[in-house]
Structure formats: structure tokens, C-alpha cells
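Inspection log for the structure reproduced underneath, given as C-alpha cells.
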There are 2 protein chains.
Amino acid sequence: MTKNLGPAAARRTFDEEVVLDAAAHVFRRHGFGGATVREVAQAAGMLPGSLHYRYPSKETLLLDLMERALNRLLALGRAAVEPARDPAERLRLGLGAHIEALLSGDDDFYVLLYDWRSLEGGAMQRMLRLRARYEGFWDDLLLDAARAGWARPGIDLELVRQFGFGAMNWVAQWRQENDPRTPGEIADAFWSYLAFGLLAEDKRRTFGQTAKKRKGGRR
Amino acid sequence: MTKNLGPAAARRTFDEEVVLDAAAHVFRRHGFGGATVREVAQAAGMLPGSLHYRYPSKETLLLDLMERALNRLLALGRAAVEPARDPAERLRLGLGAHIEALLSGDDDFYVLLYDWRSLEGGAMQRMLRLRARYEGFWDDLLLDAARAGWARPGIDLELVRQFGFGAMNWVAQWRQENDPRTPGEIADAFWSYLAFGLLAEDKRRTFGQTAKKRKGGRR
DNA sequence: AAGTTTCTTGGTCATTTGACCAAGAACCAC
DNA sequence: GTGGTTCTTGGTCAAATGACCAAGAAACTT
């Protein structure tokens, strides 16, 4: 099939990137449901027919896009974490990479986070599997840190992951282009909130007691 | 105009709720852009024409829906916080209320969080103003706590709010119907993560030093 | 019960939308 | 350069969509 890996193939992959970039941009603005293939084609600098030649359906576009996003996120995470051996430092680096990715201006990640519900059937299954890989990456980081004694005892690591994901992913929502805080500053601040909590040193003791007492869980 | 506040008016408000509930349900599943007014009408148990009689456009529906969501959220928050005087306890109660609302099964909140980009022009401005009220509610809680000495010095309260919003709002995304954790348990866990952090007691000191050293902020 | 207001019915209408394609242009390997 | 492959052009087409409405039914007021 693709036995030819010369300039033609290179151009094809390049064009594919351009198309997905355009799709990401359009989907981000209007949402998958609100976007039209014509808009995507225009953003990619081609006619709708040409887009159709590359992507037979709007849904294929979304699937490829989200797949690319998740693969990129995982690659960035792994690369960021790789140089460190200390589990806590690896966590910190992973957090930094995730936040920098979301704020890099790459629209992929936004679509990945906010157009999940537009997937259906097989596409959804496929993405769930990919997402599980990324979650596994984080669970490994967390588990390593916990095993090395970094984690406060009794915390639920899966809940911690979701807690952290939420805090991190939300930045894609609120951070404006003109925000004075750099992505790195936000990451550092978040890291300190996560590690140390928000309570003042002198309040930890007394407060801890009251919180511990109420343990039955309401509702 | 509406000088008659008898049963007719009561039924109207009731019907309005039903319609908005239906819209919330449909918008949540397919997204605003992907949903059709016909679907909303059917979910509300009426013909498209009847829906049009109440709401002249799809966008009106979204605006009213998100307005209701934000008003409800603010009302729930205020009610939850009201009985306590201690700033930290008020924060804890607010967090519980927010999470319980998101997990109550009310589709409004999901739409509020994830269809923001479908608003345009005046509707967007209006919602921004309402959102600012809710953010103000939280900023007051945070500021009171900080002024009473509960907060670790040097933390950015606005960043903390976004951090917390992210962690809380994300639960609407990941929590499944069959999750063993009750909303109350999730809220309690999140509260402890926020207050105390995730680090083990014995690691706080040494770790703190390394974290403090790197202060320039990357990038 | 009559008169008035509120709401429903069952449809129309102009656009938009996703998908598709035949014919030709551009590109490439040989 | 030539022959085959890849991609674009400029359009079509059926279905879906948001908005709309005239006529009648239901509900309410007095």
C-alpha cells in the first residue's frame, strides 16, 4: 500500500497535521457539534471536497484529533519525567509538563478535554483505552511516590489523580492569553498546594483533630 | 401584563422548569451545538411548535438554563455556608455543597460547565456577570479564612480558587453513577487534600527546602 | 356561559449540513 | 517525458435544522 515513503508521504503527513490543527482550532471555538466541515476546510486552506478526500467524515477528524492529543500528552509527560529518579520530583515534572501542554496554545488538548461526549461507539471505546494509558502513567508516578513514603497515609491514590487532573485541566478553561502568571509559575504554585496544602502551619494540629473526628461521611 | 398570579402563572413556571430540565438533559448528552430543538421538545413531551412558543430560539434556552444553574449554585452555596461562623468551616461547607450539587444528577450544572463556549455576545456578557457573583462568593470565603490566619502565607487566593474549582468541577466528568464513593466522601477527601496537602508529615520539612530554592519560575 | 387569554397542533420554509463524485490538474517514479 | 498515482476543483444531493405560523383547542376569568 504505502510502499513509497519519499517526499509524497512526507507531504501527506505534513498536510494531515495542518488539517488536524485546523480542526482543533474550529472544534475548540464552536465545539464539535457546533462546527461544520466547511469551516474546518476553510481553516485548513482547502475546499470541502479536498478535506473529504483526506477525512471521509467529521467524526474521523475528531477521533484522529483526540488520539493525537492523547499521544502527545503521554509523550510530553514521559519525556518530562524521564530525567529524574526521585518519585516526588518525577511527579512535579509531570505536573509541569501537563500544565505547559494545556497552555501551549495547542488546541488539541482543549478538544480532548471538552469534546469527549461527541465520541460514540467504537471511537469512544478506542479513546477510553488510550485515556487509560495516560491515567496509568500517572497512577504509576503516584504509586511510586506513595511506596517511597512520600504520601500522607490513608489517601486514595485514584481520587488524588482525579483531584489533580481537575485542578490541572481547569487551567485550560480560565487562563487567558494575557494572564500575568506564566505556565511555569502556575505549575509551581499548584505543586505547592498539592504537596503542602493550604492551611497555615500553626493551624494544622488543631484543625486536624476536628476534621478527623467527623469521619462517618455525610449523606 | 402578568397581573394574574393564579394557577396559570404557577403552571407556567412549572412548565418552564420541565422545559429547562429537558434542555439540560439533551444539551448534556450531545452538547449545545450537537443538540436539536426537536430533541429538546421531545424530551420535554411537547411538539417543536409548543417549545417555540415558550422559547423563541435555541440560544434563549441555553441562556436561561445556565442562568438557572448559576443561581442555583449560588443559592446552595450560601445556604450551606450560612449556619457556620468559623471561616474554615464555612469553606468546608461550601465545598461540600458545590460537589453535592454537581453530583446531584441535575444536568444544569454540567451544561453550565461544559457549554460555555456556545454563548455569544450579550448572552456571554450576562453569564460572565453572573459567574463573577459566584466567584465573588468564593473569594469572600477565602479572604475571610485568610484574614483569620487560616491560610499558609504567600498563597495566591485567586489561584487557589481556580485550583479548587478545577478539582471540584472535574468530578462532574469522572464520577460514574455506580462509584462506591458518596459525594460526601469525595468532598471530605478533597477537603483534606486541600487543607493538608498530600505529602507525608515526615517529608514536609526537607521537601519544603528543595521546593523553596527553585523560585525563579521556569520558562 | 361568554369572552379572553394561553397554549397546541401540524405543518411550512429557507438554509445549512455532511457526504459524495466526475473530471481534471499536479505530482512523482521511472 | 511518459504513465500512473495523488490530490483539487466545483459542484450535487438528500436530509436535517432553526425558525415560524395560521387555526383551533384548552384553560382561565368574570
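The shown structure was predicted, so the numbers you read here are calculated from the model rather than taken from an experiment. In what follows, chains carry the letters A, B, and so on, assigned in the order in which the sequence lines appear, proteins first and then strands, with residues in each chain numbered from 1.
The NE2 atom of B:His30 sits 12 Å away from the P atom of D:dG18 (whole-angstrom rounding). B:Leu47 places its CG atom 5 Å from the P atom of C:dT9, with the value rounded to the nearest Å. When rounded to the nearest whole Å, the span between NE2 of A:His52 and P of D:dC13 equals 16 Å. Distance CD (B:Glu16) to P (C:dC7): 10 Å, rounded to an integer number of Å. In this structure, B:Leu51 atom CG and C:dT9 atom P are separated by 12 Å, rounded to whole Å. Rounded to a whole Å, the OH atom of B:Tyr55 is 15 Å from the C1' atom of C:dC7. At whole-Å resolution of the value, OH in A:Tyr53 and P in C:dA26 are 16 Å apart. Residue A:Arg54 contributes atom CZ, which lies 7 Å from atom C1' of D:dC7 at whole-angstrom precision.
When the shell of 6.0 Å around CD of B:Glu59 is examined, it contains more than 12 heavy atoms from other residues, nucleotides or ligands. Enclosure of atom CD in B:Gln173 by more than 12 non-hydrogen atoms of other residues, nucleotides or ligands within 6.0 angstrom is indicated.
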Subject >> Criterion salt bridge (Lys or Arg N to Asp or Glu O under 4.0 Å) on A:Asp21 and A:Arg68, from CA distance to verdict >> reply: CA-CA 10 Å; A:Asp21 287 351; A:Arg68 184 177 78 167; 2.7 Å; yes
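Residues passing the side chain to side chain donor-acceptor pair (under 3.5 Å) test with A:His25 are A:Asp107, sequence neighbours excluded.
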Which atom pairs link the protein and nucleotides 11-17 of chain C when you take only N or O atoms and keep those under 3.5 Å?
none

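By the 30° and 60° cut-offs, the orientation of the rings of B:Tyr134 relative to B:Phe165 is parallel. Using the six-membered ring where Trp is involved, B:Phe190 and B:Trp174 have ring planes that are tilted, between 30° and 60° apart.
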